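In what follows, a single structure is set out as structure tokens and then discussed.
Everything numeric in this text was worked out from a predicted model, so none of it was measured.
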Amino acid sequence: MPDHDVTVAVIYYSSTGTVAELARLIADAAEHAGADVRLRRTAELAPQAAIDANPAWAANAAATADVMEATHEDMLWADAVLFGSPTRFGNVASQLKQFLDTLGGLWQQGRLADKVYSGFTASATRHGGQESTLLALYQTIHHFGGILVTPGYTDPAKFVDGNPYGTSHVGGPDTPLDDDARTAARIQAERVVKFTKAIKHGLSPAS
């Protein structure tokens, strides 16, 4: 195992569990690639009645209850942050967006700049807003002054899954992650760790 000399926070929102599973895969791959990793979920905003009315939503809420909620300290701790969100009308889910919107104070202090960022997503249907969700997320990263590291088409497997913006999966709780999504998660995590190491150790204190 490589030395864990960089810190990576994987911060996500997931309702029925698909993005939660992607988050776990990305966190595991980042750790294997040599990062100290924190897996965090954002706070739920939906009413309990809505959650209870959807068996998959309720099951995921119970299954991930032990995952700590993301805090500002996680952002300050991390050298790199991977954000995960399902698509919501082609945009970021409100539960993740609210967390991002609370970071204004850290942004104003410049404490979110110069970190590596990347994103991942899932949708219930093909062409269901995956690319627009990630692009919308990345607008926030530009405002942070973050360093965006996407998978691109840097590995032959990326020509199979076809999403250079970040890891994605089509399907709900009844459609398990396939090998393409699992491979994409590993590629993205490894690339984020690779460039986080390069940036962290390649810059002198005076830079």
### Query
If every non-hydrogen atom of E69 is compared with every non-hydrogen atom of A43, which pair is closest and at what distance?
OE1-CB, 3.7 Å
### Query
Hey, what do you get for NE2 (H169) to CZ (R182), rounding to the nearest 0.5 Å?
9.5 Å
### Query
So, K115 side chain and A78 main chain: donor-acceptor pair closer than 3.5 Å or not?
yes
### Query
Measuring from T102:OG1 to M75:CE, what's the distance to the nearest 0.5 Å?
9.0 Å
### Verdict with reasoning, Y13 to V92, per side chain to side chain contact (heavy atoms under 4.5 Å, CB included)
CA-CA 9 Å; Y13 172 72; V92 177; over 6 Å; no
### Summary
Note: A93 and S85 closest approach over all heavy atoms is N-OG, 2.9 Å
### Task
Carefully, step by step, assess H201 and D5 under the rule side chain to side chain contact (heavy atoms under 4.5 Å, CB included).
CA-CA 9 Å; H201 300 302; D5 55 356; 3.1 Å; yes
### Query
Got a sec: does the CD of Q108 have more than 12 other heavy atoms crowding it under 6.0 Å?
no
### Task
Determine whether the side chains of D79 and T196 contain a donor N or O and an acceptor N or O closer than 3.5 Å.
no
### Message
Against L39, only a single residue in V10, I26, T64, D28 fulfils side chain to side chain contact (heavy atoms under 4.5 Å, CB included); can you say which?
### Response
V10
## Note on the structure
Rounded to the nearest 0.5 Å, the CG atom of D161 sits from the CG atom of D179 at a distance of 12.0 Å
### Task
Classify the side-chain pair S123/Q130 by whether it contains a donor and acceptor separated by less than 3.5 Å.
yes
### Query
Do V193 and Y12 sit in the same hydrophobic cluster, where Ile, Leu, Val, Met, Phe, Trp and Tyr count as joined when their side-chain heavy atoms come under 4.5 Å apart?
yes
### Message
Please determine whether side chain to side chain contact (heavy atoms under 4.5 Å, CB included) holds for the pair I11 and T42, giving the CA-CA distance in whole Å, both sets of side-chain angles, and the decisive distance to 0.1 Å.
### Response
CA-CA 7 Å; I11 298 175; T42 59; 3.8 Å; yes
### Message
Around atom NE2 of H72, are there more than 12 heavy atoms from other residues, nucleotides or ligands closer than 6.0 Å?
### Response
yes
### Distance-only donor-acceptor check, side chains D180 and T183, under 3.5 Å
no
#### Entry: Contact summary for A181 and S168, nearest pair of heavy atoms
CB-O, 4.0 Å
### Summary
Shortest non-hydrogen pair, W77 vs V8, comes out as CZ3-O, 3.5 Å
### Aromatic plane relationship, F144 with Y117 - under 30° parallel, 30 to 60° tilted, over 60° perpendicular
tilted
### Message
Quick check on K158: does its NZ atom have over 12 non-hydrogen neighbours (other residues, nucleotides or ligands) under 6.0 Å away?
### Response
yes
### Task
With salt bridge (Lys or Arg N to Asp or Glu O under 4.0 Å) as the test, would you mind laying out the steps for E73 and R40 before giving the verdict?
CA-CA 11 Å; E73 196 276 329; R40 299 289 189 264; over 6 Å; no
#### Entry: V19 vs T121, side chain to side chain contact (heavy atoms under 4.5 Å, CB included): CA-CA, chis, key distance, verdict
CA-CA 6 Å; V19 174; T121 190; 5.6 Å; no
### Summary
Separation between CD (E44) and OG (S15), nearest 0.5 Å, reads 7.5 Å
### Summary
Rounded to the nearest 0.5 angstrom, the CG-CG distance for L135 and N91 is 10.5 Å
## Note on the structure
Scanning both residues in full, the closest heavy-atom pair of G84 with L96 reads O-CD2, 3.7 Å
### Task
To the nearest 0.5 Å, tell me how far L82 CG sits from L22 CG.
11.5 Å
### Task
Using a 4.5 Å cut-off on heavy atoms from C-beta on, say whether the side chain of T18 contacts that of T175.
no
### Message
Taking NZ in K97 as the centre, count heavy atoms belonging to other residues, nucleotides or ligands within less than 6.0 Å. Is the count above 12?
### Response
no
### Task
Examine distances only and state if a side-chain atom of Y138 and a backbone atom of Y165 form a donor-acceptor pair shorter than 3.5 Å.
yes
### Query
Does N163 reach the side chain of L134, with side-chain heavy atoms less than 4.5 Å apart?
yes
### Query
What is the minimum heavy-atom distance between F99 and T71, and which atoms define it?
CZ-O, 3.8 Å
